[in-house]
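A quick write-up on the structure given underneath.
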Amino acid sequence: MSEDANKMAAEQLLIHLEPEWERRNWCNWLGCSEAELEHAVTYVGHDPDNVRRFLRQAR
C-alpha cells in the first residue's frame, strides 16, 4: 500500500465536523449533541476513541 493510501485510510478514521451529515452521523454514533461533539473535539482532537472517552467522563 502506498503512503497516500495509508494517509487516506487514517484520515477516514477521524471525526470531521464538516460536512454537516458527517457531524450528525458522529453525534448519532456517539450519542451526543453537536455542541458536546464540538467541545470534545476541541479538547481532545479528532480521534474517535479519545472523543468517546472524553464524553463518557463528562457524563
Side-chain angles (χ1 to χ4, degrees):
M1 202 179 255
S2 71
E3 271 187 48
D4 290 337
N6 286 337
K7 183 178 178 183
M8 204 158 96
E11 187 74 17
Q12 290 174 345
L13 298 175
L14 298 176
I15 294 176
H16 298 284
L17 299 177
E18 294 297 328
E20 184 181 339
W21 64 265
E22 190 165 349
R23 183 174 57 245
R24 280 193 316 264
N25 285 346
W26 280 111
C27 288
N28 288 334
W29 189 66
L30 294 169
C32 66
S33 69
E34 289 186 24
E36 289 172 320
L37 180 65
E38 289 176 21
H39 179 72
V41 168
T42 299
Y43 268 73
V44 298
H46 296 268
D47 182 84
D49 292 329
N50 292 339
V51 170
R52 189 178 313 110
R53 276 188 227 107
F54 180 86
L55 290 170
R56 254 191 255 144
Q57 291 175 351
R59 292 183 177 152

How many angstroms lie between [atom1] in [X] and [atom2] in [Y], if you round to the nearest 0.5 Å?
{"X": "E20", "Y": "N25", "atom1": "CD", "atom2": "CG", "value": "10.5 Å"}
{"X": "E34", "Y": "L17", "atom1": "CD", "atom2": "CG", "value": "9.0 Å"}
{"X": "C32", "Y": "H39", "atom1": "SG", "atom2": "NE2", "value": "11.5 Å"}
{"X": "L13", "Y": "H46", "atom1": "CG", "atom2": "NE2", "value": "14.0 Å"}
{"X": "F54", "Y": "E36", "atom1": "CZ", "atom2": "CD", "value": "9.5 Å"}

Looking only at heavy atoms, which two atoms of [X] and [Y] are closest? And how far apart?
{"X": "R53", "Y": "N50", "result": "NH1-OD1, 2.7 Å"}
{"X": "P48", "Y": "I15", "result": "CA-CD1, 3.8 Å"}
{"X": "D49", "Y": "R52", "result": "OD1-NH1, 2.9 Å"}
{"X": "L37", "Y": "W26", "result": "CD2-CB, 3.9 Å"}

